[in-house]
Asks: 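Here it is, the structure, as structure tokens.
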2 protein chains.
Amino acid sequence: MGNLSEQISETLKTAILEQRLIPGTKLGERELAEIFGVSRIVVRQALIRLGTDGLVTIERNRGAFVAKPSLQEALEIYDTLTLLEQGVAMQLSERLDAAGWDKLKAHVALQAEAIDRGDHQAADELGQGFHTMFIALAGNRLLQDIHAQVVQRTFLLRSLYTSRFDYCNLLNEHTKIINLLERGRVKQAMELIDAHHRHVVRGYVLDTSEYPTVNLKDALRPELSGDNESQYLAATGT
Amino acid sequence: MGNLSEQISETLKTAILEQRLIPGTKLGERELAEIFGVSRIVVRQALIRLGTDGLVTIERNRGAFVAKPSLQEALEIYDTLTLLEQGVAMQLSERLDAAGWDKLKAHVALQAEAIDRGDHQAADELGQGFHTMFIALAGNRLLQDIHAQVVQRTFLLRSLYTSRFDYCNLLNEHTKIINLLERGRVKQAMELIDAHHRHVVRGYVLDTSEYPTVNLKDALRPELSGDNESQYLAATGT
DNA sequence: AAATCTATATTGGTATCCAATCTTGCGCTG
DNA sequence: CAGCGCAAGATTGGATACCAATATAGATTT
């Protein structure tokens with residue numbers, strides 16, 4: 001049985017990324033401890049982990065809350081994402097072999113299929129996956145981890161701003177980027193990457209409506225039936 | 001009295017960055033708890049914080065150790081640093097105003113003075129500071145934080161590989177980068193940034209000698225006001 | 001000398017307690 | 001009736017003591 005506090009931080013992270021826990025939600029130690037059937041200290045350690053990841057903000061003597069990036073921070077997130085992917089684009093245009101390009105093309109093809117099937121969710125995930133794969137091809141683990149962290153924060157924005165994507169358009173841009181890079185037209189590709197992210201940002205419309213305070217136990221139910229069921233049952237028994 | 005575990009993680013971080021705690025050093029919970037005069041739990045929380053920062057590696061049931069990056073990881077660190085600074089270089093060449101360029105030039109001048117004085121340490125710190133200021137001028141807090149984290153890891157490398165810098169040369173390169181960017185010669189500047197970091201890496205010579213296991217209390221003595229642990233609280237918090 | 005077994009130390013975690021601080025709600029005052 | 005202040009309750013931050021699991025090291029055996 002591995003690191004309990006890490007397991008719990010992962011569980012919470014998944015819940016946040018899947019938007020079952022929305023920004024601003026209070027993450028009370030005692031409440032989470034009861035829900036997971038562990039001691040408060042393990043929960044606190046998990047929250048500290050999420051805090052350094054930027055998914056949770058911890059206020060002294062007030063507790064932990066799901067992070068709620070400002071519009072300024074949202075722009076910074078996409079600006080950083082652009083910078084990272086532009087940099088990788090430069091590297092790939094010089095170094096990537098045919099197999100690499102094929103891998104990217106195959107991924108785009110998969111997403112195209114999903115769109116044809118009308119599978120909205122799969123198309124979304126594959127769209128995200130494209131960027132991940134793109135970075136991974138650079139072969140720099142540290143860079144990959146950093147990129148993943150920044151991507152995680154974009155999920156916080158999805159709850160704050162209602163997204164209205166045009167998947168076909170985004171997919172088209174992915175294809176264009178590949179083609180431009182493969183032919184060595186780096187500058188155009190980088191501009192397209194920039195435009196691509198701006199496109200995503202424009203897809204976000206500020207949602208002014210107040211979010212209801214979600215019930216933690218309900219939000220975390222999917223996780224608990226999976227790997228923490230004994231603790232969960234014990235918690236409900238009280 | 002602020003977050004005790006954060007205070008301690010900062011203290012440890014400083015000690016690591018100043019190479020009083022060298023890579024591979026075991027950071028025993030009980031020992032640190034006694035040294036700082038706190039409970040084991042706060043120490044563990046501090047170690048978790050450093051773990052997510054990459055300055056400490058935690059092995060299950062074995063404990064925490066000052067991180068010891070492999071040569072591969074060392075290359076990745078500098079590769080990432082290059083990518084970040086190249087990206088910022090592109091942004092600055094388009095957006096930075098005269099005041100910004102002046103600020104950079106003034107900083108380089110300061111470093112030149114330090115070199116003239118023969119103040120090795122100040123020159124070193126100012127050299128690092130140049131890169132930090134460079135990133136800060138992009139005005140992206142997230143990017144700045146990410147850069148800072150990567151820079152921190154380079155300090156681990158300094159203990160592992162003996163450095164043999166040529167400060168004048170590095171300083172010269174800083175000046176050149178500024179001039180190139182100000183005149184809009186982005187591509188040349190980016191190549192110079194790449195070369196600059198490779199220059200630093202070449203300055204590192206693998207040091208095969210074994211490091212002695214340092215005594216934790218001795219390594220942390222500068223942070224503590226006296227022999228007794230209880231004085232840590234008096235010295236730091238009010 | 002090599003391998004195995006045992007003893008001890010360390011980590012991961014729980015339960016309980018306490019101080020400090022934040023929140024809430026009540027009552028008092030103008 | 002509105003606004004203020006203060007006390008009660010809740011929550012966090014931390015300490016202490018204790019236990020289980022695991023790793024290290026030392027002792028024993030072959």
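None of these values were measured; they are calculated from a predicted model. Each chain gets a letter, A, B and so on, in the order its sequence line appears, and its residues count up from 1.
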Asks: For B:Leu4 and D:dG14, what is the distance between atoms CG and C1' respectively, to the nearest whole Å?
Replies: 8 Å
Asks: Is there a side-chain contact between A:Leu104 and A:Val108 in this structure, where contact means two heavy atoms from C-beta onward sitting under 4.5 Å apart?
Replies: no
Asks: Checking B:Asp79 now: which residues fulfil salt bridge (charged side-chain N to carboxylate O under 4.0 Å, His left out) with it, not counting sequence neighbours?
Replies: none
Asks: Could you check how far CZ of A:Phe36 sits from P of C:dG13, rounded to whole Å?
Replies: 14 Å
Asks: Can you spot which of B:Leu12, B:Val42, B:Leu4 makes a side-chain contact (heavy atoms from CB on, under 4.5 Å) with B:Phe36?
Replies: B:Leu12
Asks: I need the CZ-C1' distance between B:Phe65 and C:dT10, as an integer number of Å.
Replies: 11 Å
Asks: Can you name the residues that form a side chain to side chain donor-acceptor pair (under 3.5 Å) with A:Asn61, not counting sequence neighbours?
Replies: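 If we apply the side chain to side chain donor-acceptor pair (under 3.5 Å) test to A:Asn61, skipping adjacent residues, there are no hits.
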Asks: Could you tell me the separation between the CD atom of B:Glu6 and the P atom of D:dT12, rounded to a whole number of Å?
Replies: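 The distance from CD of B:Glu6 to P of D:dT12 comes to 17 Å, rounded to the nearest Å.
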Asks: Write down the distance between CZ (B:Arg40) and P (C:dG13), rounded to a whole number of angstrom.
Replies: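 Taking CZ of B:Arg40 and P of C:dG13, I get 11 Å after rounding.
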Asks: With the threshold set at 4.0 Å, does a side-chain nitrogen-carboxylate oxygen contact exist between A:Asp194 and A:Arg198?
Replies: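 Salt bridge: yes.
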Asks: Can you check the B:Arg60 CZ to C:dT10 P distance for me, whole Å?
Replies: 18 Å
Asks: For A:Glu31, check salt bridge (charged side-chain N to carboxylate O under 4.0 Å, His left out) against everything at least two apart and list the hits.
Replies: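 Residues passing salt bridge (charged side-chain N to carboxylate O under 4.0 Å, His left out) with A:Glu31: none at all.
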Asks: Please write out each protein N/O paired with an N/O of nucleotides 6-11 of chain D under 3.5 Å, distance rounded to 0.1 Å.
Replies:
none

Asks: Check for me whether the distance between the ring centres of B:His131 and B:His147 falls short of 6.0 Å.
Replies: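 That pair fails the under 6.0 Å test.
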Asks: Not counting sequence neighbours, which residues clear salt bridge (charged side-chain N to carboxylate O under 4.0 Å, His left out) with A:Arg95? List them please.
Replies: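 A:Arg95 satisfies salt bridge (charged side-chain N to carboxylate O under 4.0 Å, His left out) with no residue once adjacent residues are dropped.
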Asks: Roughly how many Å is it from CD1 in B:Ile41 to C1' in D:dC19, rounded to a whole number?
Replies: 14 Å
Asks: Mind listing the residues from residues 44-59 of chain A sitting with a heavy atom below 4.0 Å of DNA chain C? Number order is fine.
Replies: none
